[in-house]
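In what follows, a structure is listed as structure tokens, so that the remarks can point back to it.
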Amino acid sequence: SEGLAGGDAAMMKDIVIAYEPVWAIGTGLTATPEVAQETHAYIRSWFVENYSQEVADAVVIQYGGSVNDNNVDDLMACADIDGALVGGASLKADSFGRIVNYVKK
């Protein structure tokens with residue numbers, strides 16, 4: 001939150017937050033959709049508390065942490081996950097293509 005200090009509401013609407021659990025970095029492990037949603041909801045609530053619901057709704061919050069073609073559907077079904085920060089799966093054309101072409105319902 002220190003890096004966001006001093007920004008006004010208009011600026012916050014252009015912010016993209018990427019969250020990846022420390023334990024997921026380089027491990028191939030992924031948070032469950034429930035854990036990822038809980039964390040993203042907490043991040044979004046910070047924007048509600050410090051700015052407004054309107055700003056919170058406009059901020060894009062992406063999940064990173066071994067997103068791949070097998071888990072993208074479950075992760076993107078979470079209400080507060082707006083996109084994916086893709087690592088290793090981006091090196092596999094078929095897998096990455098499926099992630100890139102995902103359409104949130």
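This chain uses plain numbering: 1 for the first residue, then up along the sequence. All values below were derived from every heavy atom in this structure, side-chain atoms included, with hydrogens, water molecules and symmetry-related copies excluded. Keep in mind it's a predicted model, so treat the numbers as computed, not measured.
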Would L75 end up clustered with Y42 when hydrophobic side chains under 4.5 Å apart are linked, directly or stepwise? no

Same cluster (ILVMFWY, side-chain, under 4.5 Å), V59 and I43: yes

Which pairs count as side chain to side chain donor-acceptor pair (under 3.5 Å) when at least one residue sits in residues 85-100, sequence neighbours excluded? D69-S95, D73-R98

Say whether W46 and I81 are linked into one hydrophobic cluster, either directly or through other cluster members, by side-chain heavy-atom distances under 4.5 angstrom. yes

Members sharing L29's hydrophobic cluster (side chains within less than 4.5 Å): W23

Of all heavy-atom pairs between G64 and P21, which one has the smallest distance, and what is that distance? O-CD, 3.5 Å

Would you confirm whether T30, through its side chain, and V67, through its main-chain N or O, come within 3.5 Å as a donor-acceptor pair? no

Identify, with sequence neighbours excluded, every residue that meets side chain to side chain donor-acceptor pair (under 3.5 Å) alongside Q37. D80

How far apart are the closest heavy atoms of P33 and C78, and which atoms are they? O-SG, 3.4 Å

Measure the CZ-CD1 distance between R44 and I61 for me, rounded to the nearest 0.5 Å. 3.5 Å

With sequence neighbours excluded, what pairs up with D74 under the side chain to side chain donor-acceptor pair (under 3.5 Å) test? none

To the nearest 0.5 Å, what is the distance between CD (Q62) and CG (L85)? 6.0 Å

Could I get the full list of side chain to side chain donor-acceptor pair (under 3.5 Å) partners for D57, not counting sequence neighbours? Q53

With a 3.5 Å cut-off and sequence neighbours excluded, list the donor-acceptor pairs that the side chains of residues 3-17 form with protein atoms.
from : atom 1 : to  : atom 2 : distance (Å)
D8   : OD1    : A10 : N      : 3.4
D8   : OD1    : M11 : N      : 2.9
K13  : NZ     : E54 : OE2    : 3.0

Tell me whether V100 shares a hydrophobic cluster with Y63, the cluster being built from Ile, Leu, Val, Met, Phe, Trp, Tyr side chains joined at under 4.5 Å. yes

